[in-house]
Amino acid sequence: MPARRYICYMTDGGRRGNARDRLLLAAGELLHESADGRVSTRAITERAGVQAPTLYHHFGSKQGLLDAVANYGFTQYLQEAATGPTGPTDPVASIRAGWDHHVHFGLEHPGFYILVYGRIEPGVPCTLSATAERRLLDLLSEVDTRLRVPAKEAAREMVAANVGITLSLIAQPEPDLAASDRLRDTVIDALIAPERAAGEVRSLATALLAAMNGDGPLTAAEASLLREWLTRLATQPR
């Protein structure tokens, strides 16, 4: 993915566009070039070819401009995730792919990423990432019966781990993507129980059938019904 993919189409007129467009483009470029998400008002206005009052007129403050840039960049990330090439249909595989996409976005656009996730305010959730989190919750709902914790809690824990490893990798001179893979699989395995294979179900049903006797707490009718169910599971097609 080109390093400036998320800003190259921010304006229709590029450097010939209006002052607001030029400020967005300049801030986006400087944000991509910044390793820590910090850019100065002077650098932005000089690259855009405007005076500081013009920035304040359009965005109220430098932070207002950076918020607009971050909102645009993250919107593009979400659109790409939603409209990109068809991914895996298995929800767990989709969660893994979404984790990887999130990490790669952060590494390829650290300025945007730090602006979105690096400014932590106690008790204030990140509104820009709400759409991505809702998508994760939808995927988790598809495996609801396999979740070890409630879906909302699982989503929060996954997002926390995904953001944490991404910020950690951004800070590394040579990001270790294998660390992200290990953490991803550890988190998923801790939150989502594996799906039992049909062969395992057959084996368990067969073993329970063999262990049943007339001394249990079930009535004769209940035991007969349970045997019928177990026999059906034990003899299901391979």
Give a yes or no on whether the backbone of [Y] and the side-chain of [X] come within a donor-acceptor separation of less than 3.5 Å.
X      : Y      : result
Lys152 : Leu137 : no
Glu222 : Thr219 : yes
Thr45  : Thr41  : yes
Arg148 : Asp189 : yes
Arg146 : Ile192 : no
Thr235 : Thr231 : yes

What are the two closest heavy atoms between [X] and [Y], and how far apart are they?
X      : Y      : value
Leu107 : Ile170 : CD2-N, 3.8 Å
Leu183 : Ala161 : CD2-O, 3.8 Å
Ile95  : Met158 : CG2-SD, 3.9 Å
Asn18  : Asp21  : OD1-N, 2.8 Å
His58  : Ala19  : NE2-CB, 4.0 Å
Ala151 : Leu140 : O-CD1, 3.6 Å

Query - Check against side chain to side chain contact (heavy atoms under 4.5 Å, CB included), Leu147 and Glu153 - result: CA-CA 10 Å; Leu147 291 179; Glu153 183 178 338; over 6 Å; no

Report task. Could you walk me through whether Met212 and Leu230 pass the side chain to side chain contact (heavy atoms under 4.5 Å, CB included) test, one step at a time? Result -> CA-CA 11 Å; Met212 289 183 65; Leu230 290 173; 3.7 Å; yes

Drop me the distance from [X]'s [atom1] to [Y]'s [atom2], to the nearest 0.5 angstrom.
X      : Y      : atom1 : atom2 : result
Ser203 : Leu208 : OG    : CG    : 12.5 Å
His104 : Leu169 : NE2   : CG    : 10.0 Å
Leu191 : Arg156 : CG    : CZ    : 11.5 Å
Leu65  : Arg20  : CG    : CZ    : 8.5 Å
Ile165 : Arg184 : CD1   : CZ    : 11.5 Å
Gln172 : Leu177 : CD    : CG    : 9.0 Å

Requested in this report: Could you tell me whether Arg96 and Asp90 make a salt bridge, using a distance below 4.0 angstrom between a side-chain N and a carboxylate O?
Outcome: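 Looking at Asp90 together with Arg96, the answer is no, because their closest N to O distance does not fall below 4.0 Å.
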
**Report entry** Salt bridge Asp138-Arg135, side-chain N to carboxylate O under 4.0 Å
**Finding:**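 No, Asp138 and Arg135 are not salt-bridged.
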
Query raised in the report: Within a reach of under 6.0 Å around CD of Gln51, are more than 12 heavy atoms found that belong to other residues, nucleotides or ligands?
Result: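 Check fails, neighbour count at 12 or below.
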
**Report entry** Shared hydrophobic cluster for Ile188 and Val143 (ILVMFWY, side-chain gaps under 4.5 Å)
**Finding:**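 The answer is yes; both residues are in one hydrophobic cluster.
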
Requested in this report: Following the transitive rule for hydrophobic clusters with a side-chain heavy-atom cut-off under 4.5 Å over Ile, Leu, Val, Met, Phe, Trp and Tyr, establish whether Leu209 and Leu218 coincide in one cluster.
Outcome: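 Same cluster.
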
Requested in this report: Please name the residue in the list Phe105, Tyr113, Trp99 that meets the side-chain contact (heavy atoms from CB on, under 4.5 Å) test with Thr166.
Outcome: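 Looking at Phe105, Tyr113, Trp99, the match for Thr166 under the side-chain contact (heavy atoms from CB on, under 4.5 Å) is Tyr113.
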
Query raised in the report: Does the pair Glu157 and Val187 meet the rule for a side chain to side chain contact (heavy atoms under 4.5 Å, CB included), with working shown?
Result: CA-CA 8 Å; Glu157 293 178 9; Val187 170; 5.6 Å; no

Query raised in the report: What do the steps show when you test Leu66 against Phe59 for side chain to side chain contact (heavy atoms under 4.5 Å, CB included), and what is the final call?
Result: CA-CA 9 Å; Leu66 295 180; Phe59 299 98; over 6 Å; no

Query raised in the report: Could you go step by step and tell me if Arg182 and Asp176 meet the salt bridge (Lys or Arg N to Asp or Glu O under 4.0 Å) rule?
Result: CA-CA 10 Å; Arg182 290 191 297 271; Asp176 179 13; 3.7 Å; yes

